[in-house]
Amino acid sequence: MSTREAILTGDTPTGQLHLGHYFGSVRRRIELQETHDCYFLLANMHAYTTRSDAPNEIYTDTLEIVRDYLAMGIDPVKAAVVLQSEVPAIAELTFLFAMLLPFNRVMRNPTLKEEIKVKGLGENYSFGFPLYAVGQTADILAFRAHAVPVGEDQVPHIELTREVARRFNKLYCGVDENIEDDDPIMEEKGVFPIPRADVGKVGKLMGTDGVNKMSKSLNNAILITDTPKKVKKKLGQLYTGRQSMTDPGDPDSSLMQYVELFIKDEARAAELKDKYVRGDNIGDGHIKVEVAESISELLAPMQERRAEYEGNDDTIIDIIRDGTARANVKTEETLAMAKEACGLGFFNRSISFGDSK
Ligand code: ATP
Ligand code: MG
């Protein structure tokens, strides 16, 4: 078994991937797949928390996300691409961990609250919706992951995960709750390492609505698959609140974030920003066109790679089957350790998951 530290992160198939995923998480994953045991989870069960009426879309989005992974540079030989619904240990740990978290603690999670608000879920969300936050602690801990490369919106979920890991290790393994994360006792005595959030330089990429974070389900995202024409159109619709070329612009606007991130020539980016902020005769439209061109340049090689996997579902399913088989080896081991620790170790069970191919 590998001695490299494990990394877990993933995406919910609620749509296709966008630039927020690339900058918030995927870019980091591409570095980590060279040095760590990486597992990238397709959180398809979690998609049912808000889309249980759309199983076909969830199925299709799951496959499309894998194509986006390949387009962005994730290598399925180096990193396991894992299908959540075929990893039973995650479901079992979710139930167990739900007992370690007070209900009110889960509902206080600011990311959950924000999602309820921006997705307009009102009071009618399913019981399973808040349960996904518990499920996410199981996703991470099932792999005994040390780090989770995510955008900043996920930090409260990682915080919850750290609490679960500490509580489990204390309650069932007698690990003192005051020791440091990386104290060797944690892993010698405990079952779970305490995972940390690995938030990249761009923790939150703003959406083309100019208000919310770029998000699959908010219709404000520039997708990895967007054509230059679409990118231009979406940029055109970006709201900045500026009335004229001489209005001083907001340096913290989405448009300025895009300028800093996408215009490769740093001097040019600084010049645009300076003129915009001072309202020095520069229109939003002009900046938007330049940004759109830079974005399309970034996307072009990704789209070329993606085209190789278009329409070939069997290849994609083979990738998922292989990654999921690798994941089941790891997570069954974790589950057995956890059960042994918490009084459920009556006898060993073994489930046959079939070959990786
Ligand atoms: P949904 O609208 O369904 O919540 P999403 O676009 O927020 O979708 P997630 O599947 O929730 O995407 O997130 C996957 C990963 O991408 C997480 O690590 C998340 O932090 C990161 N991420 C998503 N959107 C952004 C963004 N705009 N900026 C930075 N990181 C992001
Ligand atoms: Mg999200």
Side-chain angles (χ1 to χ4, degrees), residues 7-30 32 38-52 54 57-58 60-62 64-66 68-69 72 74 79 81-84 109-121 125-126 128-130 132-133 135-137 139-140 145 147-161 195-226 234 238 254 257-258 260-262 295:
I7 300 292
L8 180 285
T9 192
D11 304 280
T12 323
T14 44
Q16 283 177 244
L17 297 193
H18 51 69
L19 288 171
H21 297 108
Y22 181 66
F23 286 101
S25 174
V26 176
R27 224 169 31 157
R28 182 75 182 122
R29 299 181 203 179
I30 292 161
L32 288 166
C38 287
Y39 299 92
F40 302 141
L41 190 72
L42 303 160
N44 62 333
M45 287 309 293
H46 291 187
Y48 282 77
T49 64
T50 54
R51 293 177 102 191
S52 55
E57 277 94 330
I58 297 176
T60 318
D61 283 340
T62 302
E64 290 304 323
I65 284 182
V66 180
D68 286 335
Y69 280 176
M72 287 186 270
I74 286 177
V81 177
V82 182
L83 187 66
Q84 188 184 44
N109 180 321
T111 302
L112 269 192
K113 285 198 208 160
E114 177 70 12
E115 268 189 273
I116 290 169
K117 202 171 83 192
V118 299
K119 292 182 182 171
L121 302 179
Y125 52 82
S126 62
F129 179 72
Y132 102 75
Q136 203 170 316
T137 71
D139 294 337
I140 297 166
V148 192
V150 282
E152 75 185 25
D153 62 309
Q154 294 296 310
V155 172
H157 288 308
I158 314 298
E159 208 34 65
L160 206 64
T161 310
R196 60 186 165 73
D198 181 345
V199 179
K201 254 201 334 233
V202 186
K204 177 178 171 180
L205 184 69
M206 294 300 292
T208 54
D209 55 2
V211 181
N212 293 299
K213 78 160 193 124
M214 192 175 280
S215 169
K216 289 192 235 93
S217 37
L218 293 182
N219 231 339
N220 66 356
I222 297 173
L223 304 179
I224 300 303
T225 49
D226 278 347
K234 287 184 178 174
L238 173 66
S254 301
Q257 189 189 27
Y258 293 176
E260 277 174 25
L261 209 55
F262 299 117
I295 290 177

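Residues take their numbers from the sequence shown, with the count starting at 1. Note that ligands are numbered from 1 as they come in the structure, with each ligand's atoms numbered from 1 the same way.
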Main-chain N/O of [Y] paired to [X] side chain as donor or acceptor, under 3.5 Å:
{"X": "Asn220", "Y": "Lys213", "result": "yes"}
{"X": "Thr9", "Y": "Val150", "result": "no"}
{"X": "Asp198", "Y": "Ala147", "result": "no"}
{"X": "Tyr258", "Y": "Met206", "result": "yes"}

Could you check [atom] against the protein and tell me its nearest heavy-atom contact, residue, atom and distance included?
{"atom": "atom 14 (C) of ligand 1", "result": "Asp11 OD1, 3.2 Å"}
{"atom": "atom 20 (O) of ligand 1", "result": "Asp153 OD1, 2.5 Å"}
{"atom": "atom 8 (O) of ligand 1", "result": "Lys216 NZ, 3.1 Å"}
{"atom": "atom 11 (O) of ligand 1", "result": "Gln154 NE2, 4.3 Å"}
{"atom": "atom 30 (N) of ligand 1", "result": "Gly20 O, 3.3 Å"}
{"atom": "atom 12 (O) of ligand 1", "result": "His21 NE2, 2.9 Å"}
{"atom": "atom 1 (P) of ligand 1", "result": "Ser217 OG, 3.3 Å"}
{"atom": "atom 21 (C) of ligand 1", "result": "Gly151 N, 4.0 Å"}

If we only count N/O pairs under 3.5 Å, is [X] in contact with ligand 1?
{"X": "Leu205", "result": "yes"}
{"X": "Thr9", "result": "no"}
{"X": "Ser215", "result": "yes"}

Hey, does [Y] have a side-chain heavy atom less than 4.5 Å from the side chain of [X]?
{"X": "Leu42", "Y": "Val81", "value": "yes"}
{"X": "Lys216", "Y": "Thr12", "value": "yes"}
{"X": "Phe23", "Y": "Gln257", "value": "no"}

Look up atom CD1 in Ile222 and atom CG in Leu205, then write down how far apart they are to the nearest 0.5 Å.
7.5 Å

Give, for atom CD1 of Ile116 and atom CZ of Phe129, the distance between the pair rounded to the nearest 0.5 Å.
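One gets 5.0 Å once the value is rounded to the nearest 0.5 Å.
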
Look at ligand 1 and say whether Ala47 reaches it with a heavy atom at a distance under 4.0 Å.
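For ligand 1, residue contact (heavy atoms, under 4.0 Å) with Ala47 is absent.
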
Taking side chain to side chain contact (heavy atoms under 4.5 Å, CB included) as the definition, give me every residue that meets it alongside Asn44, ordered by chain and number, with sequence neighbours left out.
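For Asn44, the residues satisfying side chain to side chain contact (heavy atoms under 4.5 Å, CB included) (neighbours in sequence not counted) are Pro13, Ile58, Thr62, Leu83, Gln84, Ser85.
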
Using a strict cut-off of 4.0 Å, indicate which atoms of ligand 1 neighbour a heavy atom of [X].
{"X": "His18", "result": "6 (O), 24 (N)"}
{"X": "Lys119", "result": "1 (P), 2 (O), 3 (O), 4 (O)"}
{"X": "Met214", "result": "24 (N), 25 (C), 26 (C), 27 (N)"}
{"X": "Gly24", "result": "29 (C), 30 (N)"}
{"X": "Thr14", "result": "1 (P), 3 (O), 8 (O)"}
{"X": "Gly203", "result": "28 (N), 29 (C), 30 (N)"}
{"X": "Lys213", "result": "5 (P), 7 (O), 23 (C), 24 (N), 25 (C)"}

Counting only heavy atoms closer than 4.0 Å, does ligand 1 sit against the backbone of Met206, its side chain, both, or neither?
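Contact part for Met206 vs ligand 1: neither.
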
Using the salt bridge (charged side-chain N to carboxylate O under 4.0 Å, His left out) criterion, which residues pair with Glu260? Sequence neighbours excluded.
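With sequence neighbours excluded, Glu260 shows a salt bridge (charged side-chain N to carboxylate O under 4.0 Å, His left out) to Lys273, given in chain and number order.
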
Of Asp209, Ile295, Leu223, the residue whose pairing with Lys234 passes side-chain contact (heavy atoms from CB on, under 4.5 Å):
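Option passing the side-chain contact (heavy atoms from CB on, under 4.5 Å) with Lys234: Leu223.
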
